[in-house]
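Structure, as C-alpha cells:
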Amino acid sequence: MIDIFVIGSGPAGYTAAIYAARAGRSTKVITGQRQGGQLMITSLIENYPGFADPISGPILMDQMRQQSEKLGVEMIFDVIESVDFSKRPFTCVGESGTCYESKTVIIATGANAKWLGVPGEKKYQGTGVSACATCDGFFFRDKDVAIVGGGNAAVEEAIYLTNFARSVTLIHRRDKLSAEKIAQKRFFANPKIKVIWNTRVVDILGDANKVTELLLVDTKCGTEVKKPIDGVFIAIGHQPTTSIFKGQLNIDENGYIITDKIGTRTSVDGVFAAGDVCDPYYRQAVVSAGLGCMAAIDADKFLSVND
C-alpha cells in the first residue's frame, strides 16, 4: 500500500515526491508518456531560481528525478488510463495493466500547449518555435517575432515580447481580437506591435538550425505569402491533461481541476492537484514546483489525521 501516489513527473510531480519522501511517506511516481513533462522540450531556462547560468529543461528535470530517487522515491514508467476515487484506498490502473492502490493521490499531469499542427512546427520547437513567451522571449532580443492567436494569452504575450523583440507581429485568423478590452487598449497602443488579420500560418520554414520565415494564407481570398521571421510563439491556449479524472473530480469548463483557494485539495478528500493541471494562469515551472510542495504537505497532513 502506497502512502502518496504521484501521477506526473514534471516540476510539480517531482517536487511533490521530494517533499513526500522527506516526510517519511512511501512515495511512487508514475512518469507518464513524457518523463519530465513539458520542460523536456524547453531548450534553456534562465528564470528558475538557484541557477546563475541558464540550464536546459531536460537537465533540470533529470536533477529533480535524481534528487527524488536518492530520497527513496520509486519511479514507475507507466501511463495511468483510469482511476477510482470513490473510496479509499484509491485505485489507479496503468496502460501496463497494473493496478496501483494508494492512501492518497497527487495529480500532476500538467497541461499541454495547443499547437497549430502545421509542417515545421515540431521540427523547430526550441529553435524558433515556442508556446511560452515568458520562458523564451529573452532569446529573441532585437529580433523580429510573430505570435499566433487572438485571445488574452496572445495579447498579453505579444506585449511581453516587446520588452525584448525589435518587432512583434500578431497573426490572427479573424478580423478582431477576443481579448479583454483593457488588454487590447495596451496592445494597440504599443508601437512595436503589428497585426495581420484574416490570416493563418500554414507552414513554418527554416534552415538547418532555426526558423527563418512563415508561410501565410489569407482566409478570405486564399492568397499565400511568405513572411521573414526569427521566431514564432503559439498562443492558442492550453489543454490540461484531465480526461481520465472527469466524473471523479470537480473540473471547470476549460478542463482544469478545481482546488481550494488556499491549498491543493480537490473535491475528493485525499486527492490533491498541483501544477499546470490546476493552474490556468501562471504556467511557470517555479509555480508548479511550489504547488507540488504544497500538495505533499497537504497529503502528509491528511495522512496524519486519517491514516
Side-chain angles (χ1 to χ4, degrees), residues 1-21 23 25-33 37-38 76 78-95 98-114 237-307:
M1 179 64 63
I2 309 163
D3 288 334
I4 298 177
F5 189 63
V6 182
I7 307 175
S9 59
Y14 282 144
T15 304
I18 290 166
Y19 274 80
R25 303 295 183 179
S26 61
T27 307
K28 293 186 179 183
V29 172
I30 291 290
T31 63
Q33 290 180 334
Q38 286 200 87
I76 303 172
D78 203 349
V79 177
I80 298 301
E81 290 191 330
S82 65
V83 299
D84 183 358
F85 295 154
S86 63
K87 60 183 182 301
R88 294 182 67 220
F90 303 120
T91 57
C92 302
V93 179
E95 193 176 70
T98 305
C99 181
Y100 307 94
E101 290 190 335
S102 63
K103 299 174 183 177
T104 64
V105 173
I106 295 175
I107 299 169
T109 48
N112 295 314
K114 294 179 181 177
H238 283 73
Q239 183 63 49
T241 311
T242 56
S243 59
I244 64 171
F245 307 116
K246 291 179 179 177
Q248 300 279 336
L249 301 172
N250 288 345
I251 295 174
D252 71 15
E253 64 275 11
N254 295 312
Y256 290 91
I257 294 174
I258 298 172
T259 58
D260 59 6
K261 293 181 179 179
I262 57 171
T264 62
R265 290 172 295 184
T266 69
S267 55
V268 173
D269 288 341
V271 178
F272 308 88
D276 288 358
V277 75
C278 58
D279 171 24
Y281 183 70
Y282 296 102
R283 296 195 299 273
Q284 297 298 303
V286 67
V287 176
S288 292
L291 287 168
C293 165
M294 293 165 59
I297 292 172
D298 287 344
D300 178 56
K301 288 182 176 178
F302 176 85
L303 288 169
S304 297
V305 175
N306 295 279
D307 193 8

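Below, all heavy atoms of this structure are taken into account, side chains as well, without hydrogens, waters or symmetry copies. For clarity, every value in this text was computed on a predicted model and none was experimentally measured.
- Taking 4.5 Å as the limit, every side-chain heavy atom of Pro280 sits out of range of all side-chain heavy atoms of Asn254.
- The environment of Lys301 atom NZ is sparse: at most 12 non-hydrogen atoms of other residues, nucleotides or ligands sit within 6.0 angstrom.
- Thr264 contributes no side-chain N or O that, together with a main-chain N or O of Phe272, makes up a donor-acceptor pair within less than 3.5 Å.
- Residues Phe245 and Thr109 are in side-chain contact: their nearest non-hydrogen atoms beyond the backbone lie under 4.5 Å apart.
- Rounding to the nearest 0.5 angstrom, the gap separating the CG atom in Asp300 from the OG1 atom in Thr104 is 9.0 Å.
- Residues Gln38 and Asp276 are in side-chain contact: their nearest non-hydrogen atoms beyond the backbone lie under 4.5 Å apart.
- By the side chain to side chain donor-acceptor pair (under 3.5 Å) test, Arg265 is found to be paired with Asp260, residues two or more places apart in sequence or in another chain being considered.
- Remark: Asp298 pairs with no residue by the salt bridge (charged side-chain N to carboxylate O under 4.0 Å, His left out) rule, at least two apart or across chains.
- From Ile257, atom CD1 reaches atom OG1 of Thr241 across 9.5 Å, with rounding to the nearest 0.5 Å.
- Distance check: Tyr14 OH to Thr31 OG1 gives 7.0 Å after rounding to the nearest 0.5 Å.
- Closest heavy-atom contact between Pro11 and Ser288: CB-CB, 4.2 Å.
- The shortest distance between side-chain heavy atoms of Tyr256 and Thr242 does not fall below 4.5 Å.
- Phe302 is linked by a ring pair (Phe, Tyr, Trp, His ring centres under 6.0 Å) to nothing, counting only residues two or more places apart in sequence or in another chain.
- Looking only at side-chain heavy atoms (C-beta outward), Arg25 and Leu303 come within less than 4.5 Å of each other.
- Counting all heavy atoms, side chain and backbone alike, Ile107 lies closest to Phe85 at CD1-CE1, 4.1 Å.
- Evaluation of the salt bridge (charged side-chain N to carboxylate O under 4.0 Å, His left out) test over residues 101-112, restricted to residues two or more places apart or in two chains, returns Asp3-Lys103, Lys103-Asp307.
- When all heavy atoms of Ala295 and Ala274 are compared, the closest pair comes out as CB-CB, 4.0 Å.
- Rounded to the nearest 0.5 Å, atoms SG (Cys92) and CD1 (Ile30) are 8.0 Å apart.
- Thr91 contributes atom OG1, which lies 12.5 Å from atom OH of Tyr100 (distance to the nearest 0.5 angstrom).
- Ala296 approaches Ala20 most closely through the heavy-atom pair CB-N, 3.7 Å.
- Side-chain contact between Tyr282 and Leu291 is absent, with no heavy-atom pair separated by less than 4.5 Å.
- A heavy-atom distance below 4.5 Å is found between the side chains of Ser267 and Leu249.
- The distance from atom CD1 of Ile76 to atom NZ of Lys28, rounded to the nearest 0.5 Å, is 5.0 Å.
- Legend: residues meeting salt bridge (charged side-chain N to carboxylate O under 4.0 Å, His left out) with Arg283, ordered by chain and number and at least two apart, are absent.
- Annotation: side-chain contact (heavy atoms from CB on, under 4.5 Å) contacts of Glu95 (sequence neighbours excluded): Asp78, Val79, Glu81.
- Annotation: side chain of Ile80 is in contact with side chain of Phe5 (closest heavy-atom distance under 4.5 Å).
- For the residue pair Pro240 and Ala111, the shortest heavy atom distance occurs at CA-CB, 3.5 Å.
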